[in-house]
Amino acid sequence: MMVDLDPSGQVTQKEPDRAQRQYLNYAFYKLDPMFRRLPRAEQAELKAELQAAIEGWTDAPAPKGLIQRTYSTVGTRSECDFMLWRIAFDLADFQEAQARVNRARMGGYLSQPHNYVSMQKRSQYVNRIDGSGHGLELLPGQGSYLFVYPFVKTRAWYDLSPHSRQGMMDEHIYASGPFKGIRLNTSYSYGIDDQEFIVAFDSEYPQEFVDLVGRLRYTEASLYTLSDTPMFSCIKKDVAGILNDLA
């Protein structure tokens, strides 16, 4: 199947795609150091309450399709301590997830320095590759590490012809080919958040990810990157392990 060279419908005037899609939320949290000055018994009580609030979000009926993966950023990022990767078919479910955190007493000691929202859809550049699954098949949190960052292209990128963009992305895909230990989840934020994409690389091998990003710097498509920071190195942990990192 060839790539869709008219994804916006400007030429063919095709009907909008209204199929149900998954939304993604990358919510980063920072603990107020004042929490660590509380008595240990009180800390334990508040942590248990917050753990129940976070874990209880996925106790919804199966058709809701709620997915949550949890990561610590203690020691890898200074302005945040942990990240909750949530996936749902309704943006309102993210509100409910955050409301549960807000209602927990420990929520009063948490701030959110970063919060990103995006949507899953098939990539227009790789769906011509039979069985590729890129941009459609989402298997979150398979590796011990998740590398996440918001991504914005330059306006000049969108002024290029579809064939020019496809050629650059073919090079990009080819350059990524040897890095078999990295799984890419790209999602789209046009109109629903400040960035254009959220890129999340799932892996067991941080060293391989460093080499991959270094190689991609030499591709032509990288000339059209406007912004790809901040970058977050997230370590997969259960909620109890995350809270133990905090205090």
Side-chain angles (χ1 to χ4, degrees), residues 22-120 138 140-150 185 187 189 192-195 198 200 202 229-247:
Q22 289 173 307
Y23 293 96
L24 296 87
N25 176 216
Y26 299 84
F28 292 84
Y29 295 88
K30 178 69 175 179
L31 180 70
D32 188 330
M34 288 295 294
F35 180 84
R36 301 188 181 98
R37 301 176 189 178
L38 297 176
R40 287 292 182 182
E42 186 176 356
Q43 288 184 25
E45 181 182 347
L46 269 59
K47 286 196 287 186
E49 180 185 13
L50 180 62
Q51 179 177 346
I54 293 173
E55 293 177 343
W57 179 67
T58 55
D59 292 342
K64 292 279 284 183
L66 302 182
I67 299 172
Q68 183 170 248
R69 300 290 184 266
T70 57
Y71 298 84
S72 176
T73 55
V74 169
T76 66
R77 193 81 195 183
S78 62
E79 82 275 28
C80 54
D81 294 316
F82 67 97
M83 188 271 285
L84 303 180
W85 183 9
R86 305 174 180 125
I87 301 172
F89 287 106
D90 189 339
L91 285 172
D93 288 319
F94 298 151
Q95 285 191 325
E96 171 58 23
Q98 184 57 40
R100 295 175 67 91
V101 172
N102 294 343
R103 289 191 291 263
R105 286 172 292 170
M106 190 173 172
Y109 292 91
L110 295 174
S111 60
Q112 273 194 277
H114 305 284
N115 188 69
Y116 303 109
V117 175
S118 58
M119 177 185 287
Q120 185 75 353
L138 182 62
Q142 302 302 299
S144 298
Y145 302 94
L146 190 72
F147 304 97
V148 181
Y149 55 90
N185 291 297
S187 51
S189 297
I192 58 175
D193 209 340
D194 293 346
Q195 68 284 337
I198 290 291
D202 201 8
T229 58
M231 291 190 172
F232 303 93
S233 296
C234 309
I235 302 171
K236 186 165 67 174
K237 286 192 176 182
D238 60 17
V239 178
I242 288 172
L243 297 180
N244 285 334
D245 284 346
L246 297 182

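- Sorted by first then second residue, the salt bridge (Lys or Arg N to Asp or Glu O under 4.0 Å) pairs that include residues 103-115, not counting sequence neighbours, are E45-R105, E49-R105, E96-R103.
- With sequence neighbours excluded, the residues satisfying ring pair (Phe, Tyr, Trp, His ring centres under 6.0 Å) with F35 are Y109.
- Screening residues 85-95 for salt bridge (Lys or Arg N to Asp or Glu O under 4.0 Å) gives K64-D93 as the qualifying pairs, with residues at least two apart or on separate chains.
- Applying the salt bridge (charged side-chain N to carboxylate O under 4.0 Å, His left out) rule to E42 yields no partners; only residues at least two apart in sequence or on another chain are considered.
- Taking the ring pair (Phe, Tyr, Trp, His ring centres under 6.0 Å) definition, one finds that Y71 meets it with nothing, sequence neighbours left out.
- For F82, the ring pair (Phe, Tyr, Trp, His ring centres under 6.0 Å) partners at least two apart in sequence or on another chain are Y29.
- Residues in residues 23-37 take part in these salt bridge (Lys or Arg N to Asp or Glu O under 4.0 Å) pairs, two or more places apart or across chains: K30-D81.
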(request) Take L66 and Q68 through the test side chain to side chain contact (heavy atoms under 4.5 Å, CB included) and record every step on the way to the result. (result) CA-CA 7 Å; L66 302 182; Q68 183 170 248; over 6 Å; no

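- The salt bridge (charged side-chain N to carboxylate O under 4.0 Å, His left out) search around K237 returns D245, not counting sequence neighbours.
- Residues that satisfy the ring pair (Phe, Tyr, Trp, His ring centres under 6.0 Å) test with F94, not counting sequence neighbours, are absent from this structure.
- Between the side chains of S118 and S187, at least one donor N or O lies within less than 3.5 Å of an accepting N or O.
- When the side chain to side chain contact (heavy atoms under 4.5 Å, CB included) test is applied to A44, no partner is found at least two apart in sequence or on another chain.
- With sequence neighbours excluded, no residue forms a salt bridge (charged side-chain N to carboxylate O under 4.0 Å, His left out) with R69.
- With sequence neighbours left out, S144 forms a side chain to side chain contact (heavy atoms under 4.5 Å, CB included) with E204.
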